[in-house]
Amino acid sequence: MHLSQTYKSICIALTISLLYPITTTAQNTQKTKAEQTAADTIPLFRGLSVSYDLAGTIMRMVGDYGQFEGALCVNLKDKYFPIVEIGLGSAKHETDAVTNIEAKTNAPYARIGCDINISKNKHDDYRVMFGARYGFTNFKQEIYGDIDVPYWGGTVPYTTSEKSISYHWAELVFSVDARLWGPVHLGWSFRYKSKLSGKGNEGEKIWYVPGYGKDGDKLGGTFNIAIELSRKNKKGK
C-alpha cells in the first residue's frame, strides 16, 4: 500500500518536472510574441525635427573658418533617423606668418546619412545613437597676398583662384540627444572623417573644405539645438 502511494508520488513528481520546462518555454514564447506584436504596432513614421549646429557658427565667429549648418531628420519607429545636413562653409585665413599668403573660401555643402538609436529604451527622451554620413561639396579657393622676392628685394602681388574642386568624404558619427523642454532637444556628436576624393591644382594645397574642415583633419563634432515639428504617439501605444 505504502509502496503504491510512493510510486504514484514519484510518477507525479517526474511528470511535473518534465512538463514544467515545456510550460515555461511556451509561456516565454507567448510573451516574446506579444512583445514583438506590441513593437510592430508602433507607427513607422514618428515625427520630423529640424536642428542647427551652434558649434560651427561659434568656430566661424571666433576663428578663421567654420560653417552655418542646419539639418532635417526623420524619426522612424524611434530607432532609425535618416538625416540631411546642409550648410555654408566659410573661411578667411589671414596672412600666414611663413608664406605671407591669405586663403578665402565660401561654398555650400551637404551630407546625407542615417543614425540608429542604440538605447535600451528606444522611446525614452534620451537617445544614444551611432550612424554614418556621406558628404560632398564643390568650391573654389582664392589665394592672394604679397610674396617676398629674395634676389631683387621687395615683394610682388600674388593671386590665384582654384578651379572648381569636387570634394567627397565619409563620416562615422556617435551622438547623444536629450529632450530639454517640450519639443526642444539638445545634443552633440563626435565624428571621424575620411576623405574619399578631392584635390587642388598641381602644387596648391587645399586649406579649408566647406563642411569637412581643414584638409587632412580626421576628427570633428557638432553641438545641436533641435525642435520637433511633429511627434506621433509619444508613448508608442
Side-chain angles (χ1 to χ4, degrees), residues 48-74 81-115 131-147 157-175 187-227 229:
L48 287 172
S49 65
V50 292
S51 63
Y52 185 79
D53 174 28
L54 299 174
T57 301
I58 295 173
M59 286 177 60
R60 185 63 187 96
M61 292 175 63
V62 301
D64 49 8
Y65 71 94
Q67 61 271 346
F68 308 95
E69 176 182 304
L72 176 65
C73 182
V74 181
F81 295 82
I83 188 170
V84 177
E85 300 167 338
I86 299 175
L88 175 68
S90 174
K92 186 177 181 181
H93 181 50
E94 301 297 338
T95 303
D96 190 280
V98 178
T99 63
N100 203 34
I101 294 296
E102 299 183 17
K104 182 179 179 181
T105 302
N106 287 286
Y109 64 90
R111 305 188 205 97
I112 57 175
C114 184
D115 292 327
R133 302 283 189 276
Y134 164 67
F136 55 93
T137 183
N138 279 280
F139 67 100
K140 291 184 178 181
Q141 176 179 256
E142 299 178 15
I143 300 176
Y144 50 93
D146 295 326
I147 299 179
Y158 174 83
T159 302
T160 183
S161 178
E162 293 277 4
K163 63 180 180 180
S164 182
I165 302 169
S166 180
Y167 201 98
H168 304 258
W169 70 94
E171 298 179 0
L172 292 178
V173 183
F174 175 80
S175 61
W188 58 266
S189 72
F190 173 80
R191 304 182 178 218
Y192 177 82
K193 302 173 290 187
S194 178
K195 174 181 174 181
L196 300 177
S197 66
K199 63 179 181 179
N201 293 334
E202 189 68 28
E204 296 286 355
K205 176 178 175 59
I206 300 175
W207 191 83
Y208 168 79
V209 180
Y212 180 93
K214 297 183 70 173
D215 187 35
D217 285 354
K218 292 291 186 181
L219 303 179
T222 62
F223 181 73
N224 304 306
I225 181 169
I227 298 177
L229 300 178

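None of these values were measured; they are calculated from a predicted model.
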Has the side chain of [X] got a donor or acceptor atom that lies under 3.5 Å from a matching backbone atom of [Y]?
X	Y	result
D53	F223	yes
Y208	G66	yes
R133	I83	no
K193	Y212	yes

Discussion item. Is there a side-chain contact between K92 and R60 in this structure, where contact means two heavy atoms from C-beta onward sitting under 4.5 Å apart?
Written reply: yes

Worksheet item: Is there side-chain contact between L196 and F136, with at least one heavy-atom pair below 4.5 Å?
Response: no

Rounded to the nearest 0.5 Å, what separates atom [atom1] in [X] from atom [atom2] in [Y]?
X	Y	atom1	atom2	answer
Y52	E85	OH	CD	13.0 Å
E69	L54	CD	CG	11.0 Å
M61	F68	CE	CZ	8.5 Å
N224	S175	CG	OG	8.5 Å
S49	I227	OG	CD1	10.0 Å
Y109	F139	OH	CZ	13.0 Å

Of all the heavy-atom pairs spanning [X] and [Y], show the shortest one and how long it is.
X	Y	answer
T137	A107	OG1-CB, 4.5 Å
D115	A132	OD1-N, 4.3 Å
S189	T222	OG-OG1, 2.5 Å
D215	I206	CB-O, 3.3 Å
G89	P210	CA-CB, 3.8 Å

Worksheet item: Yes or no on side chain to side chain contact (heavy atoms under 4.5 Å, CB included) for V74 and L48, after CA distance, side-chain angles and deciding distance?
Response: CA-CA 5 Å; V74 181; L48 287 172; 3.5 Å; yes

Item to complete: For the pair Y65 and W207, name the ring-plane relationship: parallel under 30°, tilted 30 to 60°, perpendicular over 60°.
Response: perpendicular

Fill in: Under-4.0 Å salt bridge between K195 and D217
no

Item to complete: Determine, step by step, whether K218 and S194 satisfy the side chain to side chain contact (heavy atoms under 4.5 Å, CB included) criterion, reporting the C-alpha distance in whole Å, the side-chain angles of both residues, the deciding distance to 0.1 Å, and the verdict.
Response: CA-CA 6 Å; K218 292 291 186 181; S194 178; 4.3 Å; yes

